[in-house]
Undergrad: 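Shown below is the structure under consideration.
What you see below is based on every heavy atom in this structure, not just the backbone, and it leaves out hydrogens, waters and symmetry mates. The chain is numbered in sequence order, starting from 1.
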Amino acid sequence: VQRAAEQRLKLISSVFTNTSEGILILDRAGRIVEVNQAFSKITGYGKDEVLGRFTSMFRSSRQGPEVFDAMRRALRRTGDWRGELWSRRSDGEAFSALVTVSSVRSATGRVRNFVALFSDVTVLRLQQEQLEHTAHFDPLTDLPNRLLLSDRLHQAMAMCLRHNQSLAVLYLDLDGFKAINDRHGHEVGDDMLIAVSGRMKTALRDVDTLARMGGDEFVAILADIERAQDCIALVSRVLAACAEPVRINGLELKVTASIGVTMYPRD
C-alpha cells in the first residue's frame, strides 16, 4: 500500500512538473504557494519571484475588473471558474491565457487552496482580433466599413429615440480625386485617401463616426445634434479639412468635397 502511494505521488509530481500547462497553487487568501516549470516558461517569472505574492502582479491593463469579480462570484457559488484572461509576462508583454480555477476543500468543506491551470492562447486571440478588425474596418484607411457603419447607425438612432435627441448623416464624395488617381497613379491616390480621411476624422468629435463606403465615398454619423447650427458647423469643418492641400512625393494635391445631409428623426 505504501509503495503504491509513493508511486502515485511520483506520478502526480511528474505530471505537475512536465505538463505544458502552467499551474499555480494558491492559499485561501490568494497568495501563490507553488508553481510548475510551465508557469515559468510561459510567464518568464522564476518560482522564487512569485512565491508568497498575489496574482494581481500579473494583471494586464487590457483586462477590466469585471472579469475578476465574475471569477470570485463563480468560485463562491460553484467552486470553479473557466475563462480567458489577459496577463503580463515578466518583461511586461501582454499575453492571453485560457484559465481554469478550482477550489480545493478540506474534509469539513472549508476552502484550503485554489488551483489554477492555464495555457497561452495569445496567437489564437490575436488572429481572432485581426479577423474581427478586418471584418469591420476598411483595409486602406482603417475607418469603419459599411457593416460597422450600419451597426453604429442603428445604435445611434436608438439612442436618439430614447433620449429625445437628433443625429445627422453626411454622405460625401471627393471632387477631383479621380483626376489625381488617373494622372498620378493608384499609390498616390491611396495616399491621398488616407490623408484626407485622417483630416476628416480629426475634424469630427469623438462621438461621431466616419466610415468609408468605397472609392472616394464616405459617410459620417454626427451624434447628439441639438440644433441645425451645430450640424452646419461640423459640415463646414469637414469641408475645410477635405480642401486642405496634401503633399505627396513632392506634389501638392488638392480636392474638395460634396456633401449631402439628412437629419434623424426630423427627415
Side-chain angles (χ1 to χ4, degrees), residues 1-133 135-136 151 155 158-159 162:
V1 175
Q2 183 177 352
R3 184 173 180 180
E6 290 175 352
Q7 289 178 339
R8 187 168 180 270
L9 286 174
K10 286 181 180 180
L11 176 61
I12 293 171
S13 176
S14 177
V15 171
F16 182 83
T17 302
N18 297 307
T19 182
S20 60
E21 287 188 306
I23 301 176
L24 299 88
I25 300 177
L26 316 174
D27 64 17
R28 63 191 311 271
R31 285 183 292 263
I32 300 171
V33 297
E34 188 62 87
V35 297
N36 68 345
Q37 292 179 4
F39 165 87
S40 298
K41 183 177 180 180
I42 294 171
T43 67
Y45 286 101
K47 181 176 179 179
D48 294 341
E49 296 178 275
V50 299
L51 292 185
R53 301 184 66 178
F54 293 94
T55 55
S56 56
M57 67 181 289
F58 311 122
R59 289 188 184 179
S60 168
S61 58
R62 297 190 60 161
Q63 194 81 66
E66 62 279 356
V67 176
F68 300 100
D69 293 338
M71 181 194 299
R72 283 189 286 268
R73 288 195 300 270
L75 289 173
R76 285 196 298 267
R77 188 172 63 252
T78 67
D80 297 284
W81 181 85
R82 180 179 174 85
E84 191 174 336
L85 293 175
W86 279 98
S87 301
R88 286 185 299 108
R89 306 188 205 274
S90 60
D91 60 3
E93 178 188 11
F95 74 98
S96 180
L98 190 61
V99 183
T100 299
V101 184
S102 301
S103 304
V104 179
R105 298 180 182 273
S106 65
T108 59
R110 185 183 183 187
V111 174
R112 293 193 312 177
N113 296 94
F114 298 97
V115 178
L117 286 76
F118 68 95
S119 54
D120 187 346
V121 294
T122 309
V123 173
L124 294 176
R125 168 53 58 190
L126 293 178
Q127 287 176 346
Q128 182 179 351
E129 289 183 354
Q130 182 59 44
L131 288 172
E132 291 174 354
H133 187 86
H136 293 95
D151 182 62
Q155 290 183 26
M159 288 291 291
R162 191 175 301 123

Undergrad: Which atom pair, heavy atoms only, marks the closest approach of Ser103 to Val111?
TA: CB-CG2, 4.4 Å
Undergrad: Apply side-chain contact (heavy atoms from CB on, under 4.5 Å) to residues Leu85 and Phe68 and explain how you reach the verdict.
TA: CA-CA 9 Å; Leu85 293 175; Phe68 300 100; 4.1 Å; yes
Undergrad: Between the side chains of Asp120 and Thr122, does any donor sit under 3.5 Å from an acceptor?
TA: yes
Undergrad: Measure across Ser106 and Thr108 and return the closest heavy-atom pair with its distance rounded to 0.1 Å.
TA: OG-OG1, 2.9 Å
Undergrad: Start with the C-alpha gap between Gln128 and Leu124, add the side-chain angles, then the distance that decides, and say whether side-chain contact (heavy atoms from CB on, under 4.5 Å) holds.
TA: CA-CA 6 Å; Gln128 182 179 351; Leu124 294 176; over 6 Å; no
Undergrad: Does the side-chain contact (heavy atoms from CB on, under 4.5 Å) test come out yes or no for Lys47 and Glu34, once each step is laid out?
TA: CA-CA 8 Å; Lys47 181 176 179 179; Glu34 188 62 87; 2.8 Å; yes
Undergrad: Can you check whether Asn113's main-chain N or O pairs, donor with acceptor, with Asp27's side chain at less than 3.5 Å?
TA: no
Undergrad: Tyr45 and Met57: which non-hydrogen atoms are nearest, and at how many Å?
TA: CE2-CE, 3.6 Å
Undergrad: Let me know which of Ile25, Ile23, Val50 forms a side chain to side chain contact (heavy atoms under 4.5 Å, CB included) with Val35.
TA: Val50
Undergrad: When rounded to the nearest 0.5 angstrom, what distance separates CG in Leu117 from CG in Asn36?
TA: 8.0 Å
Undergrad: Sequence neighbours left out, what passes side-chain contact (heavy atoms from CB on, under 4.5 Å) with Ala74? Give chain and number order.
TA: Arg77, Trp81
Undergrad: Give a yes or no on whether the backbone of Gly46 and the side-chain of Glu49 come within a donor-acceptor separation of less than 3.5 Å.
TA: yes
Undergrad: Using a 3.5 Å cut-off and no angle test, enumerate the donor-acceptor pairs between side-chain atoms of residues 91-101 and protein atoms at least two apart in sequence or in another chain.
TA:
| unit_1 | atom_1 | unit_2 | atom_2 | d |
| --- | --- | --- | --- | --- |
| Asp91 | OD1 | Glu93 | N | 3.0 |
| Glu93 | OE1 | Arg89 | NE | 3.3 |
| Ser96 | OG | Glu84 | OE2 | 2.5 |
| Thr100 | OG1 | Arg82 | NH1 | 2.9 |

Undergrad: First locate atom CZ of Phe114, then atom OG1 of Thr55, and finally report the distance between them rounded to the nearest 0.5 Å.
TA: 10.5 Å
Undergrad: Please walk me through it: do Leu75 and Met71 pass side-chain contact (heavy atoms from CB on, under 4.5 Å)?
TA: CA-CA 6 Å; Leu75 289 173; Met71 181 194 299; 4.1 Å; yes
Undergrad: Evaluate the criterion ring pair (Phe, Tyr, Trp, His ring centres under 6.0 Å) for residue pair Phe118 and Phe58; output intermediate values, then yes/no.
TA: CA-CA 13 Å; Phe118 68 95; Phe58 311 122; 8.2 Å; no
Undergrad: With distance as the sole test, does Arg28 use its side chain to make a donor-acceptor pair with the main-chain N or O of Arg112 at under 3.5 Å?
TA: no
Undergrad: Which atoms form the tightest heavy-atom contact between Leu126 and Trp86, and what is the distance?
TA: CD2-CH2, 4.2 Å
Undergrad: Check whether more than 12 heavy atoms from other residues, nucleotides or ligands sit under 6.0 Å from atom CZ of Arg53, and answer yes or no.
TA: no
